Amino acid sequence: MSHKKAQNLEIDNLDIQILSILMKNATTPYTEIAKDLIVSGGTIHVRMKKLEEMGVIKGANLEVDPQKLGYDICAFLGIYLEKGSQYNEAVKQLKAIKEIVELHYTTGSWSIFAKIVCHDTNHLREVLNEQIQSVKGIQRTETFISLEESIKRQITLD
């Protein structure tokens with residue numbers, strides 16, 4: 001049995017219920033979760049600690065609306081590398097570009113797929129031309145501007 005499957009055996013229905021509640025609203029107090037699930041607050045704390053130690057919970061983040069903060073452009077970028085072996089070095093350099101909010105090593109046409117947020121089209125052009133395309137190993141890029149985010153969600157556990 002793989003290590004991953006062994007870990008999954010340690011997750012029971014109560015864990016799934018706790019995760020489902022918190023994934024909908026991470027600010028839900030443990031006492032409220034305990035009341036809803038008819039267990040003690042201590043049980044929720046113990047379960048959450050276990051899930052963190054297992055790596056199931058990777059952290060809790062405050063989600064902001066980039067548009068409300070003046071980031072009106074969301075774009076996706078397909079990045080072609082000269083050689084796949086340049087991936088690690090390219091990622092080190094790309095991590096320094098704060099406008100990149102997601103980065104994925106992919107199969108298919110591109111080596112890397114990135115999500116970037118910018119204030120406007122001029123800002124996008126600057127990030128593409130002056131920062132991303134100057135990264136050693138990047139051969140070329142393809143840019144897709146998002147016109148609307150229609151779905152954004154986590155996986156569903158229940």
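This structure is a prediction, so every number in the text was calculated from the model and none was measured. For reference, positions follow the sequence shown, starting with 1.
- Hydrophobic clustering (ILVMFWY, side-chain heavy atoms < 4.5 Å, transitive): Tyr71 and Leu128 are in distinct clusters.
- Note: Phe113 and Phe76 have parallel aromatic rings, judged against thresholds of 30 and 60 degrees for the angle between ring planes.
- No continuous path of ILVMFWY side-chain contacts below 4.5 Å connects Phe144 to Val127, so the two sit in separate hydrophobic clusters.
- No side-chain heavy atom of Val39 sits less than 4.5 Å from a side-chain heavy atom of Ile33.
- Tyr30 and Ile38 end up in different hydrophobic clusters when Ile, Leu, Val, Met, Phe, Trp and Tyr side chains are linked at under 4.5 Å.
- Note: His104 NE2 to Ile79 CD1 = 11.0 Å, rounded to the nearest 0.5 Å.
- In this structure, CD on Glu99 lies 5.5 Å from CD on Gln131, to the nearest 0.5 angstrom.
- Between Leu94 and Ile138 there is a side-chain heavy-atom pair separated by less than 4.5 Å.
- Shortest non-hydrogen contact noted between Thr143 and Ala75 is CG2-CB, 4.1 Å.
- Follow the hydrophobic side-chain contacts under 4.5 Å out from Val135 and you reach Leu77 in the same cluster.
- In this structure, the separation between CZ on Arg140 and CD on Gln133 is 11.0 Å, given to the nearest 0.5 Å.
- Just one residue in the list Thr28, Leu22, Ile18 forms a side-chain contact (heavy atoms from CB on, under 4.5 Å) with Ile44, and that residue is Ile18.
- The number of heavy atoms from other shown groups lying within 6.0 Å of CD (Glu63) does not exceed 12.
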side-chain contact (heavy atoms from CB on, under 4.5 Å) assessment of Leu37 paired with Thr43: CA-CA 10 Å; Leu37 300 179; Thr43 298; over 6 Å; no
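- With values rounded to the nearest 0.5 angstrom, Lys95 atom NZ is found 13.0 Å from Ile97 atom CD1.
- The existence of a salt bridge linking Asp12 and Lys50 is excluded, since no basic side-chain nitrogen approaches an acidic carboxylate oxygen closer than 4.0 Å.
- Across every non-hydrogen atom of Glu148 and Ser150, the tightest pair is OE2-OG, 3.4 Å.
- Residues Leu19 and Val46 do not share a hydrophobic cluster, clusters being chains of Ile/Leu/Val/Met/Phe/Trp/Tyr side chains in contact below 4.5 Å.
- Met48 approaches Ile57 most closely through the heavy-atom pair CE-CD1, 3.3 Å.
- The heavy-atom pair separating Arg47 from Asp15 by the smallest distance is NH1-OD1, 2.9 Å.
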Derivation and outcome, side-chain contact (heavy atoms from CB on, under 4.5 Å), residues Ile155 and Met23: CA-CA 9 Å; Ile155 60 169; Met23 286 168 64; 4.0 Å; yes
Evaluation steps, side-chain contact (heavy atoms from CB on, under 4.5 Å), between Thr106 and Ile112: CA-CA 6 Å; Thr106 61; Ile112 300 171; 5.8 Å; no
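- The two residues Ala114 and Leu103 have their closest heavy-atom pair at CB-CD1, 3.6 Å.
- Glu89 places no side-chain N or O within donor-acceptor distance of the main-chain N or O of Gln86, the cut-off being under 3.5 Å.
- In this structure, Ile73 CD1 and Gln67 CD are separated by 9.0 Å, a value rounded to the nearest 0.5 Å.
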From CA spacing to verdict: side-chain contact (heavy atoms from CB on, under 4.5 Å), Ile100, Ile132: CA-CA 9 Å; Ile100 297 174; Ile132 293 173; 4.2 Å; yes
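- Between Lys49 atom NZ and Leu51 atom CG the span is 11.5 Å, to the nearest 0.5 Å.
- Taking the six-membered ring where the residue is Trp, Tyr87 and Tyr105 present parallel rings, their angle staying beneath 30° rather than reaching 60°.
- In terms of heavy-atom proximity, Cys118 sits nearest to Leu124 at SG-CA, 3.6 Å.
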